[in-house]
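Residue numbering restarts at 1 for every chain, and letters A, B, ... go by the order of the sequence lines. Bear in mind that the values here come from a model prediction, so they are computed numbers and not experimental data.
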Amino acid sequence: MPDKYQIVKKDVLTPDISRISVYAPLIAKKAKAGQFIILRATEDGERIPLTVSSCEGDEVTVIYQKVGDSTMTLDELDVGECLADFVGPLGMPTDIDGCDNVAVIGGGLGCAIALPVAAALHKKGVHVDLIGGFRTKDIVILEKEMSEASDNLYICTDDGSYGFSGFVTGKLQELLDSGTKYDRVYAIGPLPMMKFVCKLTATADIPTIVSMNPIMIDGTGMCGCCRVTVDGQVKFACVDGPDFDGHKVDFDETIARAATYKEFEAMRRENHKCRLEGMGNG
Amino acid sequence: MANMSLEKTKMNEQLPDVRNKNYSEVALGYTPEQASNEAARCLNCKNPACVSGCPVNVPIPRFIKKIQEGDMQGAYDELSSANALPAICGRVCPQENQCEGKCVRGIKGEPVGIGRLERFVADWALENNVTSTNVAPSNGKKVAIIGSGPAGLTCAGELAKKGYSVTIFEAFHVAGGVLSYGIPEFRLPKAIVQKEVDNLKKLGVDIELNMVIGKILSIDELFEMGYEAVFIGTGAGLPNFMKIPGESLVGVFSANEYLTRINLMKAYKENNPTPVYKSKKVAVLGGGNVAMDAARCAKRQGAEVHIVYRRSEAELPARAEEVHHAKEEGIIFDLLCNPIMIEGDDQGKVKSMKLIRMELGEPDASGRRRPVPIEGSEFEMDVDTVIVAIGTSPNPLIRSTTPGLDTNKWGCITTAEDGSTSREGVFAGGDASTGAATVILAMGAGKTAAKSIDEYLQNK
């Protein structure tokens with residue numbers, strides 16, 4: 001039997017994105033699509049919130065992107081090593097009831113979160129069109145898994161190197177123009193992407209659920225760091241969300257809040273790279 | 001021979017201008033000579049009022065007498081017979097409203113420094129690895145404690161001593177609750193908290209970290225797992241905001257967030273990965289202990305810090321010593337002021353705050369004079385950071401997942417005087433049932449609940 005919080009599987013999906021499965025039987029039994037975990041890679045590390053990608057047996061799978069110091073530290077751990085902490089499931093599960101025909105839209109790493117939502121809907125018999133957006137062909141992830149979790153998969157690349165040429169909003173517009181009817185849209189990805197999907201679906205009058213991923217510490221409602229204004233009300237993404245009615249989220253405020261520690265994070269990221277390079281040279 | 005000095009024996013402290021730049025403990029504790037000198041101020045009253053002022057009824061004159069006699073083991077035995085976390089209480093209890101507030105020496109002059117003597121004895125025990133080993137043989141009954149703050153730790157310790165098999169479930173990656181995430185290092189060193197937690201482990205208490213009860217397991221599932229009673233000591237962790245415009249601007253933080261980053265996530269240490277917002281001028285809203293803690297942390301981060309409180313100095317709810325220390329460290333008190341709105345720049349960052357001056361009117365329900373706005377007295381204050389420290393509410397995670405558990409309109413778990421709730425076998429205490437209060441009141445509730453759980457399981 002693996003140890004508590006042991007990494008039992010690890011795949012490199014792109015040079016920046018990896019997938020790990022962690023031994024956490026209780027969480028594996030409870031977690032539902034849309035919920036997240038918080039992990040600390042090492043003692044004295046940051047608490048990193050990551051949405052659960054899938055659960056199988058005693059293992060919980062999460063996908064992360066090496067965007068900063070803490071995720072780079074996480075990436076240094078290999079199969080067989082243990083995380084310092086792994087807590088969950090946190091947040092409310094995604095509402096997958098009451099719809100028959102949906103578009104699930106993922107942007108970049110957001111596809112890792114869109115995937116379990118699409119899979120849960122698809123399993124229920126809901127007709128799922130999955131639109132996955134990436135900058136370019138080389139960083140397309142989870143294509144096979146997304147294809148299995150949907151009726152139609154549309155990959156889009158910003159530079160046109162693969163699939164539909166353009167943003168996910170372009171593809172969604174095209175589908176709507178061609179007469180496709182959705183009773184709900186799920187949008188998960190970078191804040192600007194979700195903002196523009198919501199603009200489009202508001203015009204088309206399609207209810208839209210977005211999954212927010214603000215800065216967070218405890219994940220249990222205790223710090224209020226993750227507050228999001230929804231319909232003029234302050235909500236905590238960690239306990240009230242992470243899903244909200246996308247037409248009511250104040251995206252501009254959320255985008256400003258996401259940049260709170262931008263300088264600090266950039267400094268840490270550079271320091272981390274220097275440490276790695278320093279080690280390589282030594 | 002009693003020491004009839006009207007003043008408490010002074011305790012050494014770091015100088016204000018030195019300590020407001022570091023996170024080492026402010027108060028350095030008594031030396032044995034100082035402790036002996038202060039112990040001699042106790043008159044050993046026949047009817048000790050101090051004991052009745054203590055929520056856990058520490059036999060105060062008895063432990064002080066042992067100090068005078070030079071019997072430290074004896075002093076510790078007396079102290080720890082009633083108080084499971086004396087090194088913590090000696091540092092954070094509001095003694096002026098409790099034991100020391102009732103001391104007869106306080107009628108003329110200063111009361112006996114009971115808190116300082118408590119700390120002296122407890123620190124002696126921690127340094128010398130003295131623990132209370134008075135544990136009953138195992139009775140095989142399992143009790144689950146939710147939350148490892150002062151209420152949970154106390155309840156766990158009391159039950160373990162009675163022979164119960166106790167498991168504490170803690171949501172965070174560190175035990176201690178507010179003692180770990182909230183109260184800063186310079187007021188309560190985390191090594192002290194850890195030692196008190198380790199002492200509980202020595203009593204056989206099992207602590208399961210990273211377990212958010214209500215999510216990973218429900219209370220009903222705990223019963224299915226064989227726990228025969230459950231104590232909820234989940235505190236009041238949900239931060240309240242002012243509900244004024246601008247509270248979601250970049251640079252507005254709950255005190256919980258600010259303190260958690262610095263304490264629990266150890267951002268006070270150099271080269272730590274958790275960021276703290278860089279501030280030049282900080283306004284801390286509120287006048288309680290948490291506000292003082294946040295203000296003093298912000299000062300140590302290098303900012304100019306203002307406490308903004310809507311009543312006057314006399315109504316500040318913080319411990320007298322914290323207010324005193326904060327002032328010494330250069331915190332500016334803007335009293336009788338209330339924020340109306342926070343204003344931001346074009347990047348959504350805080351740039352100023354609009355306030356209104358207040359005056360005190362008639363006493364309100366709390367007995368304190370109600371602050372009333374003075375019309376036309378609005379003014380602007382340039383700040384880049386606002387820390388909201390106006391109180392907290394109980395977390396809904398447990399009540400929303402426990403059918404049949406009654407709560408009041410503030411979300412506090414309804415308990416009888418003995419700590420029992422509307423659910424059989426479920427007990428609660430501390431901030432989770434009273435709303436935000438003090439460490440010692442939570443400990444008192446934990447102790448009461450332990451007694452009730454023992455009676456309940458004996459008669460079951």
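Open room surrounds NZ on B/Lys354; 12 or fewer heavy atoms of other groups in view lie less than 6.0 Å from it. Within a 6.0 Å sphere centred on CD of A/Glu263, heavy atoms belonging to other residues, nucleotides or ligands number 12 at most. For B/Met211, the CE atom is densely surrounded, since the number of other residues' heavy atoms within 6.0 Å is greater than 12. Taking a 6.0 Å sphere around NZ of B/Lys280, one finds it holds 12 or fewer heavy atoms contributed by other residues, nucleotides or ligands. At most 12 heavy atoms of other shown residues, nucleotides or ligands fall within 6.0 angstrom of atom NZ in A/Lys32.
When all heavy atoms are compared, the tightest approach of A/Ser21 to A/Thr61 is OG-OG1, 2.8 Å. The two residues B/His173 and B/Leu209 make their nearest non-hydrogen contact at O-CD1, 3.3 Å. Smallest separation of non-hydrogen atoms from B/Thr392 and B/Pro239: CG2-CA, 4.0 Å. The minimum heavy-atom distance between A/Leu77 and A/Cys82, with the atom names listed, is CD1-O, 4.2 Å. Contact between A/Tyr23 and A/Asp58 at its shortest, heavy atoms only, is CE1-CB, 3.5 Å.
The existence of a salt bridge linking A/Glu265 and A/Arg269 is excluded, since no basic side-chain nitrogen approaches an acidic carboxylate oxygen closer than 4.0 Å. A salt bridge is defined here as a Lys NZ or Arg NE, NH1 or NH2 lying under 4.0 Å from an Asp or Glu carboxylate O, and A/Lys124 with A/Asp97 meets this definition. The existence of a salt bridge linking B/Lys190 and B/Glu185 is excluded, since no basic side-chain nitrogen approaches an acidic carboxylate oxygen closer than 4.0 Å. Taking the charged nitrogens against the carboxylate oxygens, A/Asp75 and A/Lys10 do have a contact shorter than 4.0 Å, which makes a salt bridge.
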> Taking it one step at a time, do B/Thr260 and A/Asp218 satisfy side-chain hydrogen bond (donor to acceptor under 3.5 Å, both in side chains)?
Replying inline: CA-CA 9 Å; B/Thr260 297; A/Asp218 64 297; over 6 Å; no

> Given the rule in the side chain to side chain contact (heavy atoms under 4.5 Å, CB included) test, do A/Asp85 and B/Phe172 qualify, once you have shown the distances and angles that lead to the verdict?
Replying inline: CA-CA 9 Å; A/Asp85 300 286; B/Phe172 265 136; over 6 Å; no

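The distance from the CG atom of B/Leu179 to the CG atom of B/Leu153 is 6.5 Å, given to the nearest 0.5 Å. Distance CE/B/Met353 to OG1/B/Thr385: 11.0 Å, rounded to 0.5 Å. Between the CD1 atom of B/Ile387 and the CG atom of B/Leu285 there is a distance of 9.0 Å, given to the nearest 0.5 Å.
Within the 4.5 angstrom heavy-atom criterion, atoms from both the backbone and the side chain of A/Arg257 approach chain B. B/Leu397 touches chain A through its side chain: at least one heavy atom from C-beta onward sits under 4.5 Å away, while N, CA, C and O do not. Both the backbone and the side chain of B/Leu217 come within less than 4.5 Å of a heavy atom of chain A. Contacts between B/Tyr258 and chain A at a heavy-atom distance below 4.5 Å are absent for every atom of the residue. Proximity to chain B (any heavy atom under 4.5 Å) is shown, for A/Ile27, by both the backbone and the side chain. Using a 4.5 Å cut-off between heavy atoms, A/Thr260 touches chain B through backbone and side chain atoms alike. Residue B/Asn395 touches chain A through its side chain alone, counting heavy-atom pairs closer than 4.5 Å. Proximity to chain B (any heavy atom under 4.5 Å) is restricted, for A/Tyr5, to the side chain, taken from C-beta onward. Only the backbone of B/Val276 has a heavy atom closer than 4.5 Å to any heavy atom of chain A. Using a 4.5 Å cut-off between heavy atoms, A/Ile215 touches chain B through its side chain atoms alone.
Note: A/Phe236 and B/Phe241 have perpendicular aromatic rings, judged against thresholds of 30 and 60 degrees for the angle between ring planes.
Heavy-atom proximity under 4.5 angstrom to chain A picks out B/Met265, B/Lys266, B/Lys269 from residues 262-269 of chain B. Residues of residues 62-72 of chain A lying within less than 4.5 angstrom of chain B, judged on heavy atoms, are A/Asp69, A/Ser70 in numerical order. Below 4.5 Å, heavy atoms of chain B meet heavy atoms from A/Gln35, A/Arg40, A/Asp44, A/Gly45, A/Glu46, A/Arg47, all part of residues 34-55 of chain A. Contact annotation for residues 238-252 of chain A against chain B (heavy-atom separation below 4.5 Å): no residues qualify.
A ring-centre distance under 6.0 Å is found for B/Phe253 and B/Tyr277.
Per-residue counts of heavy-atom pairs under 4.5 Å with chain A were compared for B/Val174, B/Asn271, B/Val388; the largest is that of B/Asn271. When the candidates A/Ala256, A/Gly221, A/Gly224 are compared by the number of heavy-atom contacts under 4.5 Å with chain B, A/Gly221 comes out ahead. Highest contact tally toward chain A, considering only B/Asn272, B/Leu249, B/Val212, is held by B/Asn272 [criterion: heavy-atom pairs under 4.5 Å]. If you tally non-hydrogen atom pairs under 4.5 Å between each of B/Val250, B/Leu238, B/Ile216 and chain A, the highest count goes to B/Ile216. By number of non-hydrogen pairs under 4.5 angstrom with chain B, the leading residue of A/Ala259, A/Cys225, A/Ala31 is A/Cys225. Ranked by heavy-atom pairs under 4.5 Å with chain A, the first of B/Pro275, B/Ala236, B/Gly237, B/Ser254 is B/Pro275. When the candidates B/Glu247, B/Lys278, B/Lys243, B/Arg261 are compared by the number of heavy-atom contacts under 4.5 Å with chain A, B/Arg261 comes out ahead.
For the side chain to side chain contact (heavy atoms under 4.5 Å, CB included) with B/Ile232, the lone residue among B/Ile145, B/Ile213, B/Ile219 that qualifies is B/Ile219.
Side-chain contact between B/Phe231 and B/Ile146 is absent, with no heavy atoms from C-beta onward closer than 4.5 Å.
Between the side chains of B/Ser218 and B/Asp220, no donor-acceptor pair is found at a separation under 3.5 Å. Using modelled atom types and a 3.5 Å distance limit, the side chains of B/Tyr227 and B/Thr167 yield a donor-acceptor pair.
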